[in-house]
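Structure first, commentary second.
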Amino acid sequence: GLNITAFMSRSDLATAFSFFFIVISFDLFFSSSAYLCTCIRRAGTSMIGKVNKIIGQMYKIYFEKRCIIICHPDEMALTDPNAILFNIGSSADIHSLVEMVETSDNLHRIYIPTADVEETYAGICSEFLEVNAGGGLVSNRRGDYLLISRNGLWDLPKGHQDPGEDIETTALREVREETGIYELQSRGLICITDHCYKRNGIWHLKHTWWFDMLYTDPTDLTPQQEEDISKAAWVAKSSLPPFLTNTYPSILEVFREAKV
């Protein structure tokens, strides 16, 4: 593939990322063990990189619908002759990469091969103010999935963690607040996605912990309009594809990790 070598420092990284909006989605494949899920949930975001290192997964960084993938050098996708590689060095010009991502309609994936995936990812995270959020992929007994419409795109209910609150409690509370449904059972952690946004001149990195939830009560949905949610709907699994063509890449990751 095409190999683009850049030399960059951590201070240059923060400057470069101020030019664009990125969504980071962390692929987390884990054992079905309830013990492992509980340890991750209690330890907080400090465990994300450790678990990722143990299970050998990659990190995906989204630029709208384009993707930068931080992976090991032996990643099979790197053999694709159309793959574009970006090697991080020691002194900087990442601006050419940013410009290429923003201006090329044909550019879909850029790979950053590195021997230490965790360290590279942690270096990026350290440039942002990190916050936690919780959300839910909710299904009912018929197998329908709960989607909300927010700012013209289909989304899943989620929100920020309150101080001292357990992250699973956050997820349940936010689903209830944003959709008006209360009879919920959490069935475990699906994955963690990361989303960067700028607020009051400061870049934030929001770690969203997604839980599999079952809804058992057939009451109506009540969208939380003060959160710009215009609609909430149950969607049959067979009807999901058109909804998922009008959503965020990180939401697609949640469905993929849940194997829906």
Side-chain angles (χ1 to χ4, degrees), residues 23-34 36-37 40-41 55 57-60 62 64-67 69 77 108-109 133-159 167-195 206-225 227-260:
V23 174
I24 299 179
S25 179
F26 166 43
D27 283 359
L28 177 61
F29 290 88
F30 53 91
S31 159
S32 59
S33 164
L36 177 58
C37 291
I40 296 171
R41 187 166 64 250
I55 58 183
Q57 297 302 319
M58 64 179 67
Y59 295 93
K60 293 181 180 179
Y62 287 94
E64 295 184 349
K65 294 194 175 182
R66 299 178 179 89
C67 185
I69 301 172
H108 300 293
R109 292 182 180 86
L137 177 59
V138 184
S139 59
N140 59 26
R141 295 196 181 279
R142 293 187 307 180
D144 304 325
Y145 290 90
L146 176 59
L147 295 176
I148 61 174
S149 180
R150 192 189 331 244
N151 298 322
L153 292 173
W154 290 101
D155 200 353
L156 295 174
K158 62 184 181 299
I167 195 63
E168 187 172 27
T169 301
T170 299
L172 290 164
R173 175 180 55 75
E174 287 291 339
V175 170
R176 289 165 178 153
E177 289 177 358
E178 293 196 342
T179 64
I181 63 176
Y182 287 88
E183 298 300 321
L184 291 168
Q185 298 174 8
S186 177
R187 300 186 291 192
L189 183 68
I190 299 171
C191 65
I192 304 165
T193 64
D194 295 341
H195 164 224
K206 181 167 70 176
H207 303 286
T208 303
W209 303 65
W210 295 101
F211 291 87
D212 177 21
M213 298 182 187
L214 176 66
Y215 176 61
T216 58
D217 187 21
T219 58
D220 294 333
L221 300 171
T222 307
Q224 189 179 22
Q225 296 187 358
E227 291 292 337
D228 298 318
I229 302 172
S230 59
K231 184 178 181 180
W234 291 107
V235 180
K237 183 177 180 179
S238 60
S239 301
L240 281 173
F243 290 86
L244 298 184
T245 60
N246 186 35
T247 190
Y248 302 96
S250 57
I251 298 302
L252 292 176
E253 287 294 329
V254 176
F255 277 92
R256 280 195 289 266
E257 293 300 317
K259 296 179 172 53
V260 175

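Since the model is a prediction, treat every value here as computed from it, not as a measurement. Residue numbers count from 1 along this sequence.
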Inset, instruction - Scan for salt bridge (charged side-chain N to carboxylate O under 4.0 Å, His left out) pairs involving residues 181-192, sequence neighbours excluded, and state none if there are none. - result: R187-D212
Legend entry - Residue from L147, L146, L156 passing side chain to side chain contact (heavy atoms under 4.5 Å, CB included) with L137: L156
Nearest-0.5 Å distance that lies between atom [atom1] in [X] and atom [atom2] in [Y]:
| X | Y | atom1 | atom2 | answer |
| --- | --- | --- | --- | --- |
| T245 | L252 | OG1 | CG | 9.0 Å |
| T208 | K158 | OG1 | NZ | 6.5 Å |
| W209 | I190 | CH2 | CD1 | 13.5 Å |
| L153 | N246 | CG | CG | 5.0 Å |

Where [X] and [Y] come nearest, the two heavy atoms and their spacing:
| X | Y | result |
| --- | --- | --- |
| W234 | S139 | CZ3-C, 4.0 Å |
| I192 | H207 | CG2-CB, 4.3 Å |
| M213 | L184 | SD-CD1, 4.3 Å |
| P242 | S239 | CD-O, 3.3 Å |
| Y182 | Y215 | N-CE1, 4.2 Å |
| F211 | A171 | CD1-CB, 3.6 Å |

Inset, instruction - Check salt bridge (Lys or Arg N to Asp or Glu O under 4.0 Å) between D144 and all other residues, then give those that pass, not counting sequence neighbours. - result: R142
Inset, instruction - Could you walk me through whether E168 and S186 pass the side-chain hydrogen bond (donor to acceptor under 3.5 Å, both in side chains) test, one step at a time? - result: CA-CA 8 Å; E168 187 172 27; S186 177; 2.5 Å; yes
[X] vs [Y] side-chain heavy atoms within contact, under 4.5 Å:
| X | Y | result |
| --- | --- | --- |
| W154 | I251 | no |
| E253 | Y248 | no |
| K206 | T193 | no |

Legend entry - Donor-acceptor under 3.5 Å (T179 side chain, V175 main chain): yes
Inset, instruction - Could you list the residues that satisfy side chain to side chain contact (heavy atoms under 4.5 Å, CB included) with T170, not counting sequence neighbours? - result: Q161, E165, I167, R173, E174
